[in-house]
Amino acid sequence: MITHYPSLLRAPLPAGLRHLTPHAFHFTATAYSPLPPPPFRLRPLRAAAGGGSSVAGDGGKRATPPPLGAAVLDFVRSNFLPLALIGGIALALLDPTLGCLAHKYSLSKYSTFGIFVISGLTLRTKEVGAALQAWPAGLFGLGSILLFTPFLAKFIVQIQFFPREFITGLAMFCCMPTTLSSGVTLTQLAGGNSALALAMTVISNLLGIIFVPLSLAKYIGAGAGVSLPTEKLFKSMVSTLLIPLILGKVARETSKDIAEFVDGNRQGFSVISAVLLSLVPWIQVSRSRSMLLSVQAKAFAITVTIGVFYQGMLVLVICRILYALAML
């Protein structure tokens, strides 16, 4: 912004030119006038080598987009678990040989053992206190897992669909407790109460030894042909859930160095847990690859749609119940 008259900004004339006549002054001033400035030219702006930020027209800086490799790496880090699960399923469908070999040596049991060891190592004592404070949510979760969802199996078995085994399997799925490995990992990724999820996983699976046979007999019937070895199942739960969880927690509490190392490398332990989790669908799909490929695509798609609809309705009902309880 110019705050002075432009003529006042010109340099003063020499002393000998101040008393000339107007005509002489015009001639002399013309002789002393400076050369015209060069024409104004726009120079192209080039970004500096090495990813320097460019300058916008208003003088501000524009954020330089990250390189393609860095963007891909960030995407993989943010979505490692679903990518690992999809990769395991794809590998099993392409070549089930390694998956069947892993099943032969019971690799899935060792992967579950490792997941709960990591859960014990990463479990802070204050998180246990937060889980205890959330006991109403824990009771509601256990009730929905062991009582409410098995009740829905009564309606699912009424669906007339062929092959019948798909509907029977979906009804049996409703009677099962939470999964051993994925529940805690998904809760951690969502930023939820992982200690509460861990407690619900352990308790629901231990109580499921009692509730699952009762639910199957009541809602599906004896014609399903399902029998559970209760004693063997209980020993398996203790060896794959409680023992590794206790070992990890004891190692964390008895060694300060271990606790500091785990806290400083939580992302690495999350990646290891995700890899161990992806082994489960890889092995299971490898085992049943021939059966999956023999199923008609239409029947498979309808079954998946029914399962998704069931899960969606279950979420809506639970949210409605929680909202009603919160309004009391």
Side-chain angles (χ1 to χ4, degrees), residues 74-86 111-149 152 173-174 176-208 237 240-242 244-246 248-249 252-253 259 262-278 280-281 307-308 310-328:
D74 291 340
F75 177 80
V76 172
R77 287 176 178 174
S78 303
N79 303 274
F80 185 80
L81 179 58
L83 291 177
L85 294 175
I86 295 174
S111 64
T112 304
F113 187 94
I115 289 173
F116 279 93
V117 169
I118 294 176
S119 298
L121 289 172
T122 57
L123 182 61
R124 297 187 178 99
T125 304
K126 62 179 182 180
E127 294 177 349
V128 177
L132 293 176
Q133 292 178 356
W135 63 267
L139 290 179
F140 178 81
L142 291 175
S144 62
I145 293 169
L146 299 174
L147 299 176
F148 180 68
T149 53
L152 297 179
F173 168 76
C174 295
M176 296 297 113
T178 55
T179 57
L180 296 179
S181 51
S182 60
V184 179
T185 305
L186 293 175
T187 304
Q188 291 175 348
L189 291 178
N193 193 333
S194 58
L196 180 60
L198 184 61
M200 290 176 59
T201 300
V202 175
I203 296 174
S204 64
N205 278 275
L206 292 177
L207 293 179
M237 292 296 173
T240 56
L241 271 76
L242 289 180
L245 180 62
I246 293 174
K249 182 59 178 175
R252 177 183 177 86
E253 296 299 328
V262 172
D263 290 340
N265 299 273
R266 281 185 170 268
Q267 185 175 5
F269 280 96
S270 298
V271 172
I272 296 174
S273 181
V275 172
L276 293 176
L277 177 59
S278 65
V280 177
V308 172
Y310 154 76
Q311 294 288 343
M313 292 300 297
L314 181 61
V315 170
L316 290 177
V317 171
I318 292 178
C319 290
R320 181 60 182 175
I321 295 175
L322 292 176
Y323 178 77
L325 293 177
M327 295 301 293
L328 294 179

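In what follows, residues are counted from 1 in the order of the sequence shown.
Listed by chain and residue number, Ser108, Leu276, Leu279, Val280 satisfy the side chain to side chain contact (heavy atoms under 4.5 Å, CB included) test with Ser111 (two or more places apart in sequence, or in another chain). By the side chain to side chain donor-acceptor pair (under 3.5 Å) test, Asp263 pairs with Arg252, Arg266, sequence neighbours left out. Ala197 pairs by the side chain to side chain contact (heavy atoms under 4.5 Å, CB included) definition with Thr187, not counting sequence neighbours.
Summarising the geometry of Pro244 relative to Phe113, their closest heavy-atom pair is CB-O, 3.4 Å, with the distance given to 0.1 Å. When every heavy atom of Ala274 is checked against every heavy atom of Ala84, the shortest pair comes out as O-CB, 4.4 Å. Across all their heavy atoms, Thr201 and Asn205 have their closest contact at O-ND2, 2.6 Å. Shown here for Pro281 and Leu85, the closest heavy-atom pair between the two residues is CG-CD2, 3.8 Å.
How far CG of Leu277 is from CD1 of Ile272: 13.5 Å, rounded to the nearest 0.5 Å. The distance from the OG atom of Ser270 to the CZ atom of Arg77 is 13.0 Å, given to the nearest 0.5 Å. Summarising the geometry, atom CZ belonging to Arg124 is positioned 10.0 Å from atom NZ belonging to Lys249; distances are rounded to the nearest 0.5 Å. Atom CG of Leu196 and atom CD of Glu127 lie 11.5 Å apart (nearest 0.5 Å).
A 6.0 Å sphere centred on CD of Gln311 holds more than 12 heavy atoms belonging to other residues, nucleotides or ligands.
No donor-acceptor contact under 3.5 angstrom links the side chains of Thr240 and Thr112, judged on distance only.
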Side chains of residues 115-123: which donor-acceptor pairs under 3.5 Å do they make with residues two or more places apart or in other chains?
unit_1: Ser119; atom_1: OG; unit_2: Ile115; atom_2: O; d: 3.0
unit_1: Thr122; atom_1: OG1; unit_2: Ile118; atom_2: O; d: 2.9
unit_1: Thr122; atom_1: OG1; unit_2: Ser119; atom_2: O; d: 3.3

Show every donor-acceptor pair shorter than 3.5 Å between a side-chain atom in residues 128-149 and any protein atom, with sequence neighbours excluded, or say none if there are none.
unit_1: Ser144; atom_1: OG; unit_2: Phe140; atom_2: O; d: 3.3
unit_1: Ser144; atom_1: OG; unit_2: Gly141; atom_2: O; d: 2.8
unit_1: Thr149; atom_1: OG1; unit_2: Ser144; atom_2: O; d: 3.0
unit_1: Thr149; atom_1: OG1; unit_2: Ile145; atom_2: O; d: 2.9
unit_1: Thr149; atom_1: OG1; unit_2: Cys174; atom_2: O; d: 3.4

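Residues Leu206 and Leu241 fail the side-chain proximity criterion, which asks for heavy atoms closer than 4.5 Å.
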